[in-house]
Amino acid sequence: MSESEAIPAAREAGLRVPAWLRRLIDVRPEEVPALGWSWLYIFSILSAYYVMRPIRDQMGLAGGLENLPWLFTATLVGMLLINLPFGWLVRTLPRARFVPLTYRFFSANILLFAGAIALSEGEQTVWIGRVFFVWLSIFNLFVVSIFWATIVDVFDTEQGKRLFGFIAAGATLGAITGSAFTAVLARSVPTALLLIAAALLLEVAVFSMRGLARLSDALRREPGASTEAIGGSMVAGITRTLRSPYLLGISLFLVLFSITSTFLYFEQAAIAKRSFPDRGAQTAFFASVDLAVNVLTLGVQLFLTGRIVRSLGVGLTLAILPLVSVLGFGLLAATPTIAAVVVFGVLRRAGNFAIARPVREVLFTVLPREDRYKAKSFIDTVMYRLGDQVGAWSYALAGFLGLGPTALPVVAVPLSVAWLLNALWLGRRQEALAKAAKAREGGLAA
């Protein structure tokens, strides 16, 4: 169905864009049901994760701070290993089957952890906590990556520019809801029951994904996309990424983001420790920063992201976060104060969640379906955690060499400049691929 045919069909079916939604974003009548399913889908996933995240953090601390670098290393290995069976599922089964199977695999894991935590005691609890820390770090990136892979398989580039920022607002609301749920109930409800609630939220995600799948063929104009196996190689996520300059460019974007994020995390922790000797004050500081990030993120996602992308295009919009990073790290190198780290930290994190993340997903809309799932999963999980590792061990190396507190911000400035150039190149390449795909569509239609 062409776009010109889809809109009258939607009107005949009685679909309308609510006035409040029309004021927020540019959405077509036939897109409203898919937009609703997408919101419920990501809301459920992020709610489930943020129900479990405080449990993970508490168990990670119980296992000893000195063990955290090794837990992150174990997470990287786990990311690499889980991509192989996922690649087999994508190769063998249609999307309507492999996505629910993946989520239900994680749901079963959650229920196993709930039982193990309820029955464990002493040293057993510590080791279960370490395994849970690694598992949840894998879970977070993996299930969110699958969500966005499904979304870019449903919406095209033009739709992504208009709608992805608004869809990402569902993730922010899910994070706020999940955090509030655990904060209110953690002291009175056993941990095992909280985990069961998280598993039920994943089942809501499966339900939402199936609702979205029923609409996807018409939106993408690819009949059978949700019911046909993608095929290809089990290790295509790795091999196709390494052979494609475009996919390597996306990988570099994510690695540089991850490295500089780790630098900022350690810099913020060090400045907060110097500024607030009391642990309670440190916790209140981090909570205030998180609140500011969530409020700013939600406002930008609801009102600005789509408008920014349509005005600036993909490349310039992607370049916003690296540019903020160049200026922010330069500020921290010159004046490493609590005010500087708060302003930079809030702007950077909100810029990532509200602008960079949804626009980064637009990069995948011009790729073949195999790359949308296999290569995207590899990039979003393994390459992201690789950047974490480089950033964390760079911080350890700086400490070992006795470098001053401004060492990491100084190093981060040229890295951010390289990241800025990478973003501009990706934008130009994405636009070229989108034009080529549109020309092919026109040729086939003719």
Side-chain angles (χ1 to χ4, degrees), residues 45-46 48-91 98-117 120 124-149 195 198-199 202 205 233-242 250-251 254-255 257-259 261-262 265 373-393 396:
I45 289 174
L46 266 293
Y49 170 64
Y50 274 89
V51 165
M52 296 185 287
R53 177 172 166 158
I55 300 170
R56 178 202 70 174
D57 291 342
Q58 184 276 324
M59 298 181 88
L61 290 176
L65 284 172
E66 68 280 1
N67 292 310
L68 289 181
W70 297 108
L71 294 181
F72 279 113
T73 301
T75 300
L76 175 62
V77 174
M79 290 289 191
L80 185 58
L81 292 177
I82 200 170
N83 270 276
L84 297 178
F86 180 71
W88 180 84
L89 285 177
V90 174
R91 173 182 180 271
F98 74 71
V99 174
L101 275 175
T102 303
Y103 285 146
R104 283 173 173 160
F105 166 77
F106 282 113
S107 294
N109 288 176
I110 295 172
L111 296 177
L112 288 174
F113 277 116
I117 290 171
S120 64
Q124 292 177 334
T125 304
V126 172
W127 278 102
I128 291 172
R130 289 170 179 163
V131 175
F132 184 70
F133 187 99
V134 172
W135 176 87
L136 191 63
S137 299
I138 295 171
F139 166 89
N140 173 35
L141 292 182
F142 208 80
V143 298
V144 173
S145 177
I146 293 172
F147 164 78
W148 281 110
L195 292 177
L202 273 191
S233 167
M234 179 176 165
V235 295
I238 301 172
T239 57
R240 290 172 71 92
T241 298
L242 297 179
I250 298 175
S251 300
L254 202 56
V255 167
F257 165 73
S258 183
I259 292 173
S261 294
T262 305
Y265 173 81
Y373 287 95
K374 297 178 184 177
K376 177 172 170 49
S377 173
F378 174 73
I379 292 169
D380 285 352
T381 58
V382 176
M383 300 307 290
Y384 183 91
R385 287 303 179 197
L386 178 62
D388 273 352
Q389 291 293 302
V390 173
W393 290 111

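Computed from a predicted model, the values in this text were never measured in an experiment. These values consider heavy atoms only, across backbone and side chains, with no hydrogens, waters or symmetry-generated copies.
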What pair of heavy atoms forms the shortest contact from [X] to [Y], and how long is it?
| X | Y | answer |
| --- | --- | --- |
| Gly391 | Thr262 | C-CG2, 3.6 Å |
| Lys376 | Ser145 | CE-O, 3.5 Å |
| Ala199 | Ser107 | O-OG, 3.8 Å |
| Ser258 | Gly387 | OG-C, 3.3 Å |
| Arg385 | Ser137 | NH2-O, 3.4 Å |

Val143 vs Thr102, side chain to side chain contact (heavy atoms under 4.5 Å, CB included): CA-CA, chis, key distance, verdict: CA-CA 8 Å; Val143 298; Thr102 303; 5.8 Å; no

Intermediate values then yes/no, side chain to side chain contact (heavy atoms under 4.5 Å, CB included), Val255 and Val390: CA-CA 9 Å; Val255 167; Val390 173; 5.7 Å; no

Those residues that, when tested against Lys374, pass side chain to side chain donor-acceptor pair (under 3.5 Å) (two or more places apart):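 Scan of Lys374 (side chain to side chain donor-acceptor pair (under 3.5 Å), adjacent residues dropped) gives Glu370.
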
Student check: side-chain heavy atoms of [X] and [Y] closer than 4.5 Å:
| X | Y | value |
| --- | --- | --- |
| Leu76 | Leu80 | no |
| Ile250 | Thr241 | no |
| Leu136 | Asn140 | no |
| Ile379 | Leu254 | yes |

Partner residues of Phe139 under the ring pair (Phe, Tyr, Trp, His ring centres under 6.0 Å) criterion, sequence neighbours left out: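 Phe106, Trp135.
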
Straight-line distance of [X] [atom1] to [Y] [atom2], nearest 0.5 Å:
| X | Y | atom1 | atom2 | value |
| --- | --- | --- | --- | --- |
| Leu141 | Met383 | CG | CE | 13.5 Å |
| Leu195 | Leu112 | CG | CG | 11.0 Å |
| Tyr103 | Ile45 | OH | CD1 | 3.5 Å |

Plane angle bin for Phe132 and Phe113 - parallel if under 30°, tilted between 30 and 60°, otherwise perpendicular: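 Phe113 and Phe132: perpendicular rings.
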
Quick one: side chains of residues 81-91, donor-acceptor pairs under 3.5 Å with protein atoms, not counting sequence neighbours, listed by atom name and distance.
residue: Asn83; atom: OD1; partner: Ser377; partner atom: OG; Å: 2.8
residue: Asn83; atom: OD1; partner: Phe378; partner atom: N; Å: 3.3
residue: Asn83; atom: ND2; partner: Met79; partner atom: O; Å: 2.7
residue: Asn83; atom: ND2; partner: Thr381; partner atom: OG1; Å: 3.0
residue: Arg91; atom: NE; partner: Gly232; partner atom: O; Å: 2.8

